[in-house]
Amino acid sequence: MIDIKRIRAEPDLVKAGCAKKRIECDIDRILELDATFLGLSPKIDELRSQQKLGSKEMSKATPERRVEILEEQRGLKEQLRALEAEMTACQEQLQPLLLTVPNLPAEAVPEGVDDQDNVELKKWGTPRSFDFAPRDHVEIGEAQGWLDAETAGRIAGSRNYISMGELARLEHAVLRFALDMMIDRGFSPAIVPVLVRAEPLWGTGYFPGGGDQIYHTDDRDDLYLVGTAEVPLTSIHAEKIHDIKNLPIKLVAHSTCYRREAGTYGKDTRGLYRVHQFQKVEQVVIDISDEKRSLEHHHMILQNAEDLLQAFDLPYRVVNVCGGDLGAPQVQKFDVETWMPSRDGYGETHSASRFHEYQARRLKMRYRDKEGKVHFCHTLNNTVAASSRILIALLENHQLEDGRVAIPEPLRKHMGGLEVIGKSL
RNA sequence: GGAGAGGUGGCAGAGCGGCUUAAUGCGCCAGAUUGCUAAUCUGGUGACCCCUUCGGGGGUCCGGGGGUUCAAAUCCCCCCUUCUCCGCCA
């Protein structure tokens with residue numbers, strides 16, 4: 001959510017932001033409703049003021065005077081009822097519209113329609129050239145008995161995986177490495193609910209708009225399975241006015257993540273790339289409302305992801321996500337794409353977002369500055385490691401000719417010292 | 001799942017239809033006093049919206065939403081949530 005005052009003051013800027021993001025939003029209708037609201041507000045306040053005065057006099061008045069006041073009060077009540085009804089009607093139209101206004105993209109966000117137009121910022125590592133015919137992760141996994149798509153499908157439907165044996169151990173190792181790394185860097189760990197109410201999803205900007213991708217329980221419970229720990233993790237600090245001394249807040253959590261992947265039929269159907277359930281370690285930063293600080297945090301959380309990939313010796317690139325590929329809530333987003341030999345290209349493994357006040361405003365997450373003034377916080381988040389996609393990269397990039405897989409040195413301590421997993425095929 | 005008790009400002013906690021402009025205490029801020037710190041005394045101390053001649057004025061907010069009333073923190077209904085006991089349970 002952006003500030004209605006900003007829409008009033010700079011409607012053209014807001015419209016330009018919508019256009020850059022390729023998001024349709026009726027700003028003029030919002031301004032029209034807002035004007036109605038601004039017209040009604042002083043009238044209602046004035047009537048209420050009179051009503052309060054009358055009510056106060058009533059308590060001390062003589063019986064005769066009471067009759068008169070009662071008459072006046074009845075009149076006021078009727079006028080108020082009518083105006084309040086108008087106000088409610090106005091708000092009922094305005095509020096849902098305001099929730100659809102996207103956050104304004106940063107200047108540095110490239111123009112563009114979709115991910116084809118994302119701009120590469122940097123590349124790290126060199127994709128390996130194999131002197132044998134490399135297998136993809138599904139071939140390796142099935143041959144080693146680590147993956148069984150058919151069984152996963154029988155148990156849970158398509159787009160599911162079961163990692164078994166040494167692969168499961170590797171998955172745990174990756175998550176553990178990611179968590180430990182972030183704790184070392186000053187992030188506070190949490191274990192959070194993955195089944196949540198609607199409010200945190202509205203608050204973090206997944207509603208409205210993202211509902212199609214989210215599993216929803218039946219109405220006995222009316223809860224949602226989160227697609228990322230970002231949702232509960234960021235919401236921990238909602239509806240509070242924080243002491244500036246406690247900022248920034250840096251959080252890290254592992255969670256299972258659920259995605260319906262509606263509308264992706266036929267796309268990435270093979271293997272671990274696009275699945276309904278995976279494991280992820282996520283980092284969240286909450287700090288003061290300061291563009292420069294936010295940008296510094298953005299680079300910091302991006303660096304955390306890069307450091308993890310470098311530790312795993314996985315080639316990657318960083319892209320600056322273009323306007324059309326940006327979600328409504330983000331000011332800017334850097335995607336990290338890791339080299340996946342089977343795709344003969346880079347596949348998204350991390351997504352570092354900066355939101356400014358957008359989430360905080362919805363979550364009513366504020367802080368008091370040194371002068372005692374209250375402001376909305378800035379929030380950011382990024383993946384540290386998303387298990388299924390990083391497993392693709394690890395298996396495919398570090399495979400040996402005989403079908404075994406080398407374990408990067410930093411992961412070995414979580415693998416009981418194993419340097420290589422699998423059997424010779 | 002059953003029974004009961006609660007949810008009031010940063011925190012604790014009173015109020016249970018109009019003397020509430022939400023008492024009081026703690027905390028916090030400022031001033032006074034005092035070698036320093038501490039203590040003591042005095043004063044101040046919220047969020048949000050609208051208007052403003054920038055001095056200020058008006059309104060909303062007592063878990064959330066409805067309702068009753070001239071008037072609701074206070075009465076009624078629904079929901080959320082916390083605690084205690086019982087049941088079930090990793």
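Chain A is the first sequence line, chain B the second, and so forth, proteins listed ahead of strands; every chain is numbered from 1.
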A.B. asks: If you measure from the P atom in A22(B) to the same atom in G9(B), how many Å do you get, rounded?
C.D. replies: 13 Å
A.B. asks: For Arg361(A), which contact category applies under a 4.0 Å heavy-atom criterion: base, sugar-phosphate, or nothing?
C.D. replies: nothing
A.B. asks: If you measure from the P atom in G64(B) to the same atom in C51(B), how many Å do you get, rounded?
C.D. replies: 26 Å
A.B. asks: At under 4.0 Å between heavy atoms, what does Lys5(A) touch on the DNA or RNA strands: base, sugar-phosphate, or nothing?
C.D. replies: sugar-phosphate
A.B. asks: Is the glycosidic angle of G31(B) within 90° of 0, making it syn, or outside that range, making it anti?
C.D. replies: anti
A.B. asks: Answer yes when Glu84(A) and Arg48(A) have at least one side-chain N-carboxylate O distance shorter than 4.0 Å, and no when they do not.
C.D. replies: yes
A.B. asks: Is any side-chain N of the basic residue among Glu239(A) and Lys364(A) closer than 4.0 Å to the acidic one's carboxylate O?
C.D. replies: no
A.B. asks: Could you pick out which residue, Gln50(A) or Phe376(A), lies toward the 5' side of RNA chain B when each is mapped onto its nearest nucleotide?
C.D. replies: Phe376(A)
A.B. asks: I'd like the P distance from U60(B) over to C76(B), given in whole Å.
C.D. replies: 23 Å
A.B. asks: If I take atom NZ in residue Lys240(A) and atom C1' in nucleotide C11(B), what distance separates them, rounded to the nearest angstrom?
C.D. replies: 14 Å
A.B. asks: Could you check whether Arg22(A) pairs with Asp114(A) (Lys NZ or Arg NE/NH1/NH2 to Asp/Glu carboxylate O, under 4.0 Å)?
C.D. replies: no
A.B. asks: Kindly say whether Asp268(A) contributes a backbone atom to a donor-acceptor pair with the side chain of Arg159(A) at under 3.5 angstrom?
C.D. replies: yes
A.B. asks: Which whole-number value in Å describes the distance from Leu47(A) CG to C51(B) C1'?
C.D. replies: 15 Å
A.B. asks: Check nucleotides 60-70 of chain B for protein N or O atoms closer than 3.5 Å to its own N or O atoms and list the pairs.
C.D. replies:
residue, atom, partner, partner atom, Å
U60(B), OP2, Lys52(A), NZ, 3.0
C70(B), OP1, Arg74(A), NH2, 3.2
C70(B), O2', Gln73(A), NE2, 3.1

A.B. asks: I'd like a list of close polar pairs between nucleotides 15-17 of chain B and the protein, N/O only, cut-off under 3.5 Å.
C.D. replies:
none

A.B. asks: Can you measure Met87(A) atom CE to C50(B) atom C1' for me and round it to whole angstrom units?
C.D. replies: 9 Å
A.B. asks: For RNA chain B, what dot-bracket results from Watson-Crick or G-U pairs at under 3.5 Å, with [ ] for crossers and | for inter-strand partners?
C.D. replies: ((((((((.[[[..)..(.....]]]((((((.......))))))((((((....)))))).[[[[[..)....]]]]])))))))....
A.B. asks: Expressed in angstrom and rounded to an integer, what is the separation of Asp369(A) atom CG from A47(B) atom C1'?
C.D. replies: 15 Å
A.B. asks: Less than 4.0 Å between a side-chain N and a carboxylate O, is that true for Asp3(A) and Arg361(A)?
C.D. replies: yes
A.B. asks: Does His242(A) reach the main-chain N or O of Met365(A) with its side chain, forming a donor-acceptor pair under 3.5 Å?
C.D. replies: no
A.B. asks: For U42(B) versus A47(B), give the span between their P atoms, rounded off to a whole number of Å.
C.D. replies: 26 Å
A.B. asks: Counting only heavy atoms not in Lys15(A) (residues, nucleotides, ligands), do more than 12 fall under 6.0 Å from its NZ?
C.D. replies: yes
A.B. asks: Find which nucleotide of RNA chain B each of Ser49(A) and Arg368(A) is nearest to by heavy atoms, and output the residue with the more 5' nucleotide.
C.D. replies: Arg368(A)
A.B. asks: Heavy atoms only, 4.0 Å cut-off, all strands: where does Leu38(A) land among base, sugar-phosphate and nothing?
C.D. replies: sugar-phosphate
A.B. asks: Between atom CE in Met365(A) and atom P in A47(B), what is the gap in whole Å?
C.D. replies: 19 Å
A.B. asks: Under 4.0 Å between a side-chain nitrogen and a carboxylate oxygen: does that hold for Glu86(A) and Lys43(A)?
C.D. replies: no
A.B. asks: On a whole-Å scale, what distance lies between the C1' atoms belonging to U21(B) and C79(B)?
C.D. replies: 32 Å
A.B. asks: If we take the P atom in both A38(B) and G27(B), what is their distance in whole Å?
C.D. replies: 12 Å
A.B. asks: Taking NE2 from His375(A) and P from C48(B), how many angstroms apart are they, rounded to a whole number?
C.D. replies: 10 Å
A.B. asks: With sequence neighbours left out, write down each residue that passes side-chain contact (heavy atoms from CB on, under 4.5 Å) with Ser188(A), or none if nothing qualifies.
C.D. replies: Leu251(A)
A.B. asks: Donor-acceptor pairs under 3.5 angstrom involving side-chain atoms of residues 173-181 of chain A: please list them, not counting sequence neighbours.
C.D. replies:
residue, atom, partner, partner atom, Å
Arg176(A), NE, Asp180(A), OD1, 3.2
Arg176(A), NE, Asp180(A), OD2, 3.3

A.B. asks: May I have the distance from Gln95(A) (atom CD) to C49(B) (atom P), rounded to whole angstrom?
C.D. replies: 12 Å
A.B. asks: Could you check whether Lys292(A) pairs with Glu296(A) (Lys NZ or Arg NE/NH1/NH2 to Asp/Glu carboxylate O, under 4.0 Å)?
C.D. replies: yes
A.B. asks: Check the interface with nucleotides 43-45 of chain B: list each N/O to N/O pair with the protein under 3.5 Å, or write none.
C.D. replies:
none

